[in-house]
Amino acid sequence: MKRRTLYKLYSMAAAVALTVFSLSACGSREQDQVTDSPDQAGMTAVSRQGQAASAAAENLLPVEEMFTDRDLSGRYDEAECIDIQLTGNSASCDSEAVVISGSTVTITEEGTYILSGSLQGMIIVEADDKDKVQLVLNGVEITNESNAAIYAREADKLFVTLAAGSQNSLSAGSYTSIDDNNIDGVIFAKCDLTINGFGSLSIAAVKGQGVVTKDDLVVAGGIITITAQGHGLEGKDSVRIADGQLNITAGKDGIHSENEDKEGKGYVYVADGQLVIVSDGDGISAGYSFQVDGGSFSILAGSGSSNKTVARDENGDSVSAKGLKSGAALTVNGGIFVVDAQDDALHAADDLTVNGGTLQLATGDDGIHSDATATVAGGTVEITDSYEGIEGYHVVISGGEVRLNAADDGLNAAGGNDQSGFGGRFGGEMFGGSDSTVTISGGTLYIRAAGDGIDSNGDLIVTGGETYVSGPENGANGALDYGGSGQITGGILVAVGSSQMAMNFGDTSTQGSILTSVANCQAEDEVRLLDAQGNVLVGYTAESSFNSVVVSCPQLEQGGTYTLSAGGNETEITLESLIYGKGMGGFGGPGSMGGPGGMGGPGGMGGPGGMGGSDNWGGHEGGFDNPSGGHGHGGGRGQDGGRGQDWQPDDRFGDEMPEMPEGGFEGGMPEIPEGGFDGGIPESPRDGFDGQIPGGSGSGFWGPGGQSGI
């Protein structure tokens, strides 16, 4: 993706995120009836706003328990508040609940305290562990060169409320130990912490984190700007965002939650809000689950997709620089996302599901990655730049609209290691699984891939939806690639690419599918399938050059006659069976002459192989009805006339080599057919291929003296 396009996207996202929200709802500062139990009316409003983008919204987390009425309110009764006036190196207050010692102000009882003025010192909350303390910042500037600006040592919950229209700032330079706690944030809390209200707050952490709590962290309002050497926001048990504007620049993760000691803790939930994050690490990272129901996000992680250098931490380990990351499941039910990440844009160690929202993703690795099942069930997903577009052990497309551009595979089932995209850059290893699957049952999918368009180490199953693939222009990959079975029973599919590794669907399919070769076609050439009456059944404009086409749609019937046009080519096709054109392992050269047995097995030459082969697969069972030859193993890839791989019998022959033909080979290789090959591909057998790519399923190996099959 061009950089100026990214700049435009970020400008648009920033404009949305920085629009000043209406303060009409916060004119009154009178205290509502405040309880600390969930407010059903308020919670319903938040949930509906976040989840309206998708009827298929799913909850990983108990969203009805996320926010209390007091979290969402941001209000207080000024008549009942205690005033604390900050006076530079000290402060003044009439309440016995406030202890002032030099530049340290300690609050010891439950209540609401309004702070104003400036302080070169520290606010400490040390109340009972059942007390709720609310600090209202009303034009506050607190700096502390040696510790946190606000430190909640003991309380049940601390509310930091931003007074309507106020501007406040907090900063810390470093952290000196004053007790057993490892204080490392400008706001540091040992209890639950909520930031709300209708003013603004600027936080600067020269070292450490911006905001830290060892329990739950809630952001429910305000305009909050954080610059931190470490994480921007950190909640050990959870980070929950109901509303507000967050502008975070972080030397580590923008938002981070992780708790390895408590099962089910360390999660992130976003209901709404406007977030702009620039991070050297992950944009948002959850050690446990991560759910987004709404909000707008502009995230630049690890300097973005164009950054080819992986940073290392103090231990020499690579720094994770993903957009949204979850150590378990990740679900997106709604929201607007512009993400540019060095590593995966969305990443989950368990299932990853997109049910709704609008996502524009650019990444140096995977657009969407799941170690388990990656699902797109709704929303609009545009992956403008990626190594692999969508990757998972299983990949499911059941709804929504997906457009993706990939330097390697568009969809990849069997996944890869973290930073697998750097396999092309830094040698990361891939993992694989023959039981992995790609399943397409709905939605609309557009793929532009330099590698395989759709790649499944196991099965490829298409039951519905619309799928359009502009696959590879090189012969080492195919528009469709599967290691198990390929089955289509419904939907529309058009896949164009190189013919060398072209594959069609298998015979278990109940919907017709055509694979045919075409003369060289270019990007922007249109592919059309017409019925016998000239009606257009399918149309697609290719995004890359191609010389093979796979097309399937519900109107294809066995016995029907159709015309496929591509560029300047027109091919008339009669479906004698539902699957027309079996595909093959490759088209490169005449295949090797094979080694013993690769010359065709009993009876002779076995044809010219299977029209070549790739590194791993030969020409697929001969494919030609050559009366002078037998079954034949199609030539694989010879190596410049070098010595071939020793032949090993496989299960088609049992445990023994097939018998040599009568008379044998007289100690040598068979003669080249009369006229030779003249350096080219042998003539088409008999009446040609009828527009099909010859098929087969042979094994293909290196034969002695064979030509290269690629």
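Numbers here are sequence positions counted from 1.
Among residue pairs with one or both ends in residues 137-146, none qualify as salt bridge (Lys or Arg N to Asp or Glu O under 4.0 Å); sequence neighbours excluded. Applying the side-chain hydrogen bond (donor to acceptor under 3.5 Å, both in side chains) definition to pairs two or more places apart or across chains, none involves residues 218-235. Among residues at least two apart or in separate chains, there is no salt bridge (Lys or Arg N to Asp or Glu O under 4.0 Å) pair with a member in residues 181-206. Annotation: salt bridge (Lys or Arg N to Asp or Glu O under 4.0 Å) contacts involving residues 282-292, sequence neighbours excluded, comprise Asp282-Lys325.
Of all the heavy atoms in Ala349 and Asp371, the pair that sits closest is O-CB, 3.3 Å.
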Where do Ser166 and Asn168 land on the side chain to side chain donor-acceptor pair (under 3.5 Å) test, with the steps shown first? CA-CA 6 Å; Ser166 67; Asn168 307 278; 2.9 Å; yes

Report the C-alpha distance between Thr363 and His369 in whole Å, list the side-chain angles of each, state the deciding distance to 0.1 Å, and finish with yes or no for side chain to side chain contact (heavy atoms under 4.5 Å, CB included). CA-CA 11 Å; Thr363 170; His369 174 100; over 6 Å; no

Run the side chain to side chain contact (heavy atoms under 4.5 Å, CB included) test on Ile150 and Leu158 for me, step by step, so that the C-alpha distance in whole Å, both residues' side-chain angles and the decisive distance to 0.1 Å come before the verdict. CA-CA 10 Å; Ile150 296 176; Leu158 172 65; 4.2 Å; yes

Check the pair Ile397 / Ile390 against side chain to side chain contact (heavy atoms under 4.5 Å, CB included), numbers first and verdict last. CA-CA 10 Å; Ile397 309 296; Ile390 301 177; 4.2 Å; yes

Can you list the steps and then say if Gln291 with Val63 is a side chain to side chain contact (heavy atoms under 4.5 Å, CB included)? CA-CA 9 Å; Gln291 179 174 327; Val63 297; 3.6 Å; yes

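In this structure, the side chains of Val292 and Ile284 stay at 4.5 Å or more apart for every pair of heavy atoms. Looking only at side-chain heavy atoms (C-beta outward), Lys252 and Asp313 stay at 4.5 Å or farther from each other. Residues Val160 and Leu193 form a side-chain contact, since some pair of their non-hydrogen atoms from C-beta on lies under 4.5 Å apart. The shortest distance between side-chain heavy atoms of Lys132 and Arg70 falls below 4.5 Å. Side-chain contact between Ser289 and Leu61 is present, with heavy atoms from C-beta onward closer than 4.5 Å.
For Lys262, the side-chain contact (heavy atoms from CB on, under 4.5 Å) partners are Asp237, Asn259, Lys265, not counting sequence neighbours. Qualifying ring pair (Phe, Tyr, Trp, His ring centres under 6.0 Å) partners for Tyr288, counting only residues two or more places apart in sequence or in other chains: none. The side chain to side chain donor-acceptor pair (under 3.5 Å) check on Ser146 picks up Asn144, with sequence neighbours excluded. A search for side chain to side chain donor-acceptor pair (under 3.5 Å) contacts involving Glu154 returns nothing, not counting sequence neighbours. By the side chain to side chain donor-acceptor pair (under 3.5 Å) test, Asp179 is found to be paired with Tyr151, Arg153, residues two or more places apart in sequence or in another chain being considered. Take Glu401 and apply the side chain to side chain donor-acceptor pair (under 3.5 Å) test, not counting sequence neighbours, and it matches Arg403. With sequence neighbours left out, the salt bridge (Lys or Arg N to Asp or Glu O under 4.0 Å) criterion links Asp216 to Arg240. Ala311 meets the side-chain contact (heavy atoms from CB on, under 4.5 Å) test with Val319; sequence neighbours excluded.
Defined by atom type and a distance below 3.5 Å, a donor-acceptor pair is present between the side-chain atoms of Thr161 and Gln134. Between the side chains of Asp340 and Ser305, at least one donor N or O lies within less than 3.5 Å of an accepting N or O.
Put simply, the residue from Asp366, Val339, Ile299 that forms a side-chain contact (heavy atoms from CB on, under 4.5 Å) with Leu361 is Val339.
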